[in-house]
Amino acid sequence: AQTVTQSQPEMSVQEAETVTLSCTYDTSESDYYLFWYKQPPSRQMILVIRQEAYKQQNATENRFSVNFQKAAKSFSLKISDSQLGDAAMYFCAYRVDQTGANNLFFGTGTRLTVIP
Amino acid sequence: DAGVIQSPRHEVTEMGQEVTLRCKPISGHNSLFWYRQTMMRGLELLIYFNNNVPIDDSGMPEDRFSAKMPNASFSTLKIQPSEPRDSAVYFCASTPGLTGEKLFFGSGTQLSVL
């Protein structure tokens, strides 16, 4: 069974500083995708970044980057130069790369507070 | 593109009443998902459709929940009768259907059952 674990229920960071959110997952599959979604107080789920498991290179999107360790089944999110607008719940998610197996499994989330 | 559209945004009802949540996926997307979000259980998949056909409804809590997708542009999630423990945010999401594609989420429906 696929599971996604986020061990940090809450994190805080000073504005302009860097923070890393942790995520581990359990799977027997070799081909899959990993995602980080952001959920601000508006409730909207917004994709932050996506990583293909077959790619060794870590994905980056502006101030957001991941540290993908396939052997360790770890997928952490680094936010650089944190901004007030980064305050939100962050969810790590996993999706197997298999036709018909479309479910996206979510972790329990990490609430990020950005301190001015 | 208007994105995934859900209605209503908020719903308050009394225990025992029927509740219908609505979703319009992004045009051209073949897969549609219904998720429920609560503090205790996080985001749970209730059911998903591919090409309007239910593929996996194992997450539907019980017979009080039902979902339909009569066409590619509309889906409903119905709870009858509703109970206080059904109070949650219900999200609809769609995707083009290709593996690995991200899910596009609607804004959710906040359901409160009194």
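Chain letters run A, B, ... following the sequence lines, proteins first, then strands; residues in each count from 1.
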Item to check | Most chain A-contacting option - heavy-atom pairs closer than 4.5 Å, from B/G106, B/G59, B/G42 | outcome: B/G106
Checklist entry - Do other residues, nucleotides or ligands put more than 12 heavy atoms under 6.0 Å from A/R111 CZ? => result no
Checklist entry - chain B contacts: which residues in residues 40-47 of chain A have a non-hydrogen atom closer than 4.5 Å to it? => result A/S42, A/R43, A/Q44, A/M45, A/L47
Checklist entry - Got a second to check how far A/F106's CZ is from B/L45's CG, nearest 0.5 Å? => result 9.5 Å
Next on the checklist: Is B/Q110 in contact with chain A via its backbone, its side chain, both, or neither, using a 4.5 Å heavy-atom distance?
Outcome noted: both
Checklist entry - Does the pair B/L103 and A/F35 meet the rule for a side-chain contact (heavy atoms from CB on, under 4.5 Å), with working shown? => result CA-CA 10 Å; B/L103 269 62; A/F35 307 83; over 6 Å; no
Next on the checklist: Under 4.5 Å side-chain heavy-atom separation, chaining through any Ile, Leu, Val, Met, Phe, Trp or Tyr, what else clusters with A/I115? Say none if it is isolated.
Outcome noted: none
Checklist entry - Within a strict 4.5 Å, meaning less than it, do heavy atoms of the A/R95 and B/T95 side chains meet? => result yes
Checklist entry - Same hydrophobic cluster for B/I26 and B/F74, using side-chain heavy-atom links shorter than 4.5 Å among ILVMFWY? => result no
Item to check | Proximity of residues 77-85 of chain B to chain A, residues having a non-hydrogen atom under 4.5 angstrom | outcome: none
Next on the checklist: Just so I know, are the side chains of B/F33 and A/L104 near enough to count as touching, which here means a heavy-atom distance under 4.5 Å?
Outcome noted: no
Checklist entry - For the atom pair CZ (B/F105) and OH (A/Y37), what is the distance rounded to the nearest 0.5 Å? => result 5.0 Å
Checklist entry - Who else is in the cluster with B/M39 when I, L, V, M, F, W and Y are joined by side-chain contacts under 4.5 Å? => result none
